Student: 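My questions will all concern the structure given below.
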Amino acid sequence: MRTMLTTAALAATLVTTSTVAHAQPGLAPLAAPSAPVGEPAELKSPATATLLALGGAVAPVVMIAVGGETGNDALISGGFLASTLTPSLGHWYAGEFLTTGMALRGVGGLLFITGVAQALSGACWGGDDGSSCGGDEDDGEALILLGAGAYVGGMIYDVATAGAAARRYNRKHGAQMAVAPTMIPAAGGAMAMGMGVSGSF
């Protein structure tokens with residue numbers, strides 16, 4: 001909201017003329033254009049937020065790919081674990097710590113794990129009688145695909161909306177102030193020139 005802050009202390013330090021006679025009653029403030037003191041600061045960079053989110057999404061994929069090529073299970077596990085959090089780095093930079101993308105990845109991960117478990121339980125295994133089959137393997141495959149889609153979608157979402165998160169932060173925390181000459185009451189009922197400060201926060 002916009003507020004007008006005019007203080008006697010500021011006027012006293014910025015007085016540039018002596019008093020104006022009583023013969024000028026109702027003297028209006030000078031119609032001088034305001035001089036901006038500070039523009040709304042771009043406190044968070046949308047480009048930086050997007051780059052952080054993009055790096056947070058790509059790095060885990062690279063870890064998983066390298067781990068698969070080298071047979072490094074620890075690297076694969078670390079990549080999957082990182083992918084649940086690091087795509088949200090851009091939002092964290094912008095002060096948003098719980099994101100829609102994180103929720104999508106959480107749901108997608110649960111669906112994926114449930115699908116794998118269901119697919120394994122429906123698989124046929126060799127036994128004394130030739131085979132032993134569990135439940136419906138097709139349902140498990142559907143859950144795997146749905147979970148993977150939600151997981152990847154959550155990563156993409158956080159990358160795509162990181163810049164907007166930075167802009168929301170700036171709108172919330174930005175400030176603008178301006179200074180303009182104005183006439184204010186002085187001692188003895190006369191008028192003196194001072195400076196008025198206005199701002200929006």
Side-chain angles (χ1 to χ4, degrees), residues 1 36-126 133-177 199-201:
M1 61 181 175
V37 172
E39 295 298 328
E42 189 75 2
L43 301 175
K44 299 293 182 181
S45 166
T48 299
T50 300
L51 287 174
L52 285 171
L54 184 61
V58 171
V61 175
V62 172
M63 292 173 63
I64 293 169
V66 172
E69 288 290 328
T70 60
N72 189 330
D73 292 339
L75 195 59
I76 294 174
S77 299
F80 276 117
L81 180 61
S83 68
T84 64
L85 300 175
T86 54
S88 299
L89 286 175
H91 284 264
W92 295 352
Y93 164 77
E96 298 180 359
F97 299 100
L98 296 177
T99 72
T100 301
M102 289 176 65
L104 286 172
R105 293 193 295 278
V107 171
L110 289 175
L111 289 174
F112 186 89
I113 293 171
T114 302
V116 169
Q118 189 167 329
L120 291 176
S121 67
C124 294
W125 308 92
C133 296
D136 190 348
E137 185 177 357
D138 291 338
D139 289 345
E141 292 176 353
L143 286 176
I144 289 172
L145 291 175
L146 184 60
Y151 200 93
V152 173
M155 296 174 70
I156 294 173
Y157 182 90
D158 272 355
V159 173
T161 59
R167 287 187 286 272
R168 282 194 297 272
Y169 182 96
N170 292 337
R171 285 195 298 270
K172 182 178 179 180
H173 296 86
Q176 182 177 15
M177 297 189 69
S200 61
F201 307 91

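As the structure is a prediction and not an experimental result, all values here were calculated from the model. Just the heavy atoms: all of them, side chains too, but no hydrogens, waters or symmetry mates, feed the values below.
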Student: Rounded to the nearest 0.5 Å, what separates atom CD1 in I156 from atom CG in L54?
Tutor: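 Nearest 0.5 Å value for the CD1-CG distance: 11.0 Å.
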Student: Would you mind reporting whether L43 and Y169 have side-chain heavy atoms less than 4.5 Å apart?
Tutor: yes
Student: Going by the side chain to side chain donor-acceptor pair (under 3.5 Å) test, which pairs reach into residues 77-94, not counting sequence neighbours?
Tutor: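 Matches after skipping sequence neighbours: S83-Y151, S88-T99, S88-R105, S88-D158, H91-E96, H91-T161.
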Student: Look up atom CD1 in I76 and atom CG in L81, then write down how far apart they are to the nearest 0.5 Å.
Tutor: 13.5 Å
Student: What pair of heavy atoms forms the shortest contact from A166 to A49, and how long is it?
Tutor: CB-CB, 4.0 Å
Student: Hey, are the side chains of V61 and M155 touching, using non-hydrogen atoms and a 4.5 Å cut-off?
Tutor: yes
Student: Could you state the interatomic distance from CZ (F112) to CG (L146), rounded to the nearest 0.5 Å?
Tutor: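 Rounded to the nearest 0.5 Å, the CZ-CG separation comes out at 12.0 Å.
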Student: Locate the shortest heavy-atom distance separating G79 from P60; write the atom from each residue and the value.
Tutor: O-CB, 3.2 Å
Student: Please report the shortest heavy-atom distance between V159 and A57, naming the atom on each side.
Tutor: CG2-CB, 3.9 Å
Student: Which distance, rounded to the nearest 0.5 Å, do you find between the CD1 of I113 and the CD1 of I144?
Tutor: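 Rounded to the nearest 0.5 Å, the CD1-CD1 separation comes out at 11.0 Å.
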Student: Go through the steps to decide whether N72 and V66 satisfy the test side-chain contact (heavy atoms from CB on, under 4.5 Å), and finish with yes or no.
Tutor: CA-CA 8 Å; N72 189 330; V66 172; over 6 Å; no
